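The structure appears below as structure tokens.
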There are 2 protein chains.
Amino acid sequence: MFSVSAKTQYAIRAMSFLARNTERVVSSAEIAAAEQIPAKYLEGIMTSLKNGGLVSGERGKNGGYRLLKAASDIPMLQIVEALDGSVMPVNCVETPDTCSLGCSCMPRQFWIGLKSTIDDYLRDCSLQDLVEGATHAK
Amino acid sequence: MFSVSAKTQYAIRAMSFLARNTERVVSSAEIAAAEQIPAKYLEGIMTSLKNGGLVSGERGKNGGYRLLKAASDIPMLQIVEALDGSVMPVNCVETPDTCSLGCSCMPRQFWIGLKSTIDDYLRDCSLQDLVEGATHAK
DNA sequence: CTCAATTCCTATCGGTTTAGTTGGAATATA
DNA sequence: TATATTCCAACTAAACCGATAGGAATTGAG
Ligand code: FES
Ligand code: FES
């Protein structure tokens, strides 16, 4: 339960690779090779990261990607949301009318609390923290 | 992302119904009607809850289910795990050799931290808390 | 200008999971 | 015996996921 998609895991590895190579532009193919990610699959992931405002994509020969911000300014939450959308235990957290038992039923607060707990954890950890291995030392 | 299955949501509603009717034995059909859950589907869910040691199932006419413990002694985590298995962001949290980049790579600690954050939240909230609506007031 | 390297877009595919149904066996009560 | 119930197993339709395929658009190098 609550499993993280392969896509998101790939994205994190790719981002961490970029964080370790900030001085240059890195091609999707190079990342794929280094991090053992299916090359064609990674292309789509990189586009999502770009659309999420996390990396810049430079097309054409010698093109590639680079981080748009310092790794310490990139909360893990942002990476996760760029790929899988926002953390959302149940639909009715955002749209209460989705619940078949009517708006704001009992469990709703419980899910809202869970969402904010997860969000907080993911927000408090930056890409830099992850790269340094200090992921849980807040 | 991190969405909760319909099965688990149904299970929680069913459990909360039982928590509000502790004095008697309640049939699966009655729960289904009250909580608007597909009756036949709920049967399977109730069996899982029974196998998880949360409810007792009494067969035959006038049979049904009841909570095996006081609602205040049932952490939400236990309900969730009875249905969807344990909270597990990525495989390698349990089995490190699953990681294609070798054991205990960088992101691993990050996922372990996330898992324990989620587990803690789900453990600290009891079925009783949920029924009372005091889900996040720890 | 041409070629190669690259991002970017769209479609498709096989596999797995999920939500739900069907049908019925076992069990208990009256 | 009839009925209400849990319990068990197979099945289905739809959605989702990881991955692949093919190619258009863009850019730099020669
Ligand atoms: S408002 Fe979400 S379960 Fe009712
Ligand atoms: S040990 Fe899990 S991603 Fe490497």
Side-chain angles (χ1 to χ4, degrees), chain A residues 1-14 18 24-33 35-68 80 82-85 88-91 98 100, chain B residues 1-14 18 24-33 35-68 80 82-85 88-91 98 100:
Chain A
M1 190 194 199
F2 290 131
S3 62
V4 174
S5 66
K7 201 190 291 197
T8 297
Q9 294 183 60
Y10 290 157
I12 289 174
R13 298 224 297 254
L18 288 180
R24 63 199 178 90
V25 172
V26 184
S27 78
S28 175
E30 183 184 346
I31 301 174
E35 297 286 336
Q36 302 183 38
I37 301 170
K40 254 323 202 169
Y41 194 43
L42 181 59
E43 284 185 16
I45 293 171
M46 295 313 294
T47 300
S48 296
L49 290 172
K50 193 200 118 199
N51 293 337
L54 291 166
V55 302
S56 73
E58 301 173 18
R59 310 175 65 161
K61 196 161 185 179
N62 300 326
Y65 297 94
R66 63 169 21 136
L67 293 188
L68 273 176
V80 161
L83 271 292
D84 278 348
M88 187 53 49
V90 299
N91 308 354
T98 313
S100 50
Chain B
M1 191 194 196
F2 289 132
S3 62
V4 174
S5 67
K7 201 189 292 197
T8 296
Q9 293 183 59
Y10 289 157
I12 288 174
R13 298 224 297 254
L18 289 180
R24 63 199 179 89
V25 172
V26 184
S27 79
S28 175
E30 182 184 346
I31 301 174
E35 297 286 334
Q36 301 183 38
I37 301 169
K40 256 321 205 175
Y41 194 41
L42 180 59
E43 284 185 17
I45 293 171
M46 295 313 295
T47 301
S48 295
L49 290 172
K50 194 200 116 199
N51 293 338
L54 290 167
V55 302
S56 73
E58 300 173 19
R59 309 174 67 159
K61 197 164 185 179
N62 300 325
Y65 296 94
R66 64 171 65 221
L67 293 188
L68 274 177
V80 161
L83 271 292
D84 278 348
M88 187 54 49
V90 298
N91 309 352
T98 312
S100 51

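Values in this document were obtained by computation on a predicted structure and should not be read as measured data.
For the pair B/Y41 OH and D/dC11 C1', the computed distance is 14 Å after rounding to whole Å. In this entry the distance linking CZ of A/R13 with P of D/dG18 reads 13 Å, nearest Å. Rounded to whole Å, the distance from CD on A/Q36 to P on D/dG18 is 18 Å. As rounded to whole Å, 11 Å separates atom C1' of D/dT20 from atom CD of A/E43. With rounding to whole Å, B/K50 atom NZ is found 17 Å from D/dT5 atom P. Between B/L49 atom CG and D/dC8 atom P the separation is 14 Å, expressed in whole Å. The distance between atom OH of A/Y10 and atom C1' of D/dC17, rounded to the nearest whole Å, is 11 Å. Rounded to whole Å, atom P of D/dT20 lies 12 Å from atom CD1 of A/I37.
Nearest-nucleotide mapping onto DNA chain D: of A/K40 and A/A6, the residue sitting toward the 5' end is A/A6. Between A/K61 and A/T47, the residue anchored closer to the 5' end of DNA chain C is A/K61, taking for each the nucleotide with the nearest heavy atom. Each of A/R59 and B/R59 was assigned the nucleotide of DNA chain D with the nearest heavy atom; the assignment lying further toward the 5' end belongs to B/R59. Each of B/N62 and B/D84 lies near DNA chain C, and the nucleotide nearest B/D84 is the one positioned closer to the 5' end.
Residues B/Y10 and B/K7 are not in side-chain contact: their nearest non-hydrogen atoms beyond the backbone lie 4.5 Å or more apart. Here the side chains of B/M46 and B/L18 are in contact, with some heavy-atom distance below 4.5 Å. With a 4.5 Å cut-off on side-chain heavy atoms, B/L68 and B/V55 do not count as touching. The side-chain heavy atoms of B/M1 and A/T8, taken from C-beta on, include a pair separated by under 4.5 Å.
Summarising the geometry, atom CD belonging to B/E58 is positioned 12.0 Å from atom OG belonging to B/S27; distances are rounded to the nearest 0.5 Å. Atom CD in B/E43 sits 12.0 Å away from atom CD1 in B/I37 (nearest 0.5 Å).
With a cutoff of under 4.0 Å to any heavy atom of chain B, the contacted region of DNA chain C is bounded 5' to 3' by C/dA19 to C/dT29.
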For this session: Evaluate side chain to side chain contact (heavy atoms under 4.5 Å, CB included) for A/L83 paired with A/I45, printing each intermediate quantity in order.
Result: CA-CA 7 Å; A/L83 271 292; A/I45 293 171; 4.1 Å; yes
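Among the heavy atoms of the strands, none lies under 4.0 Å from B/G44.
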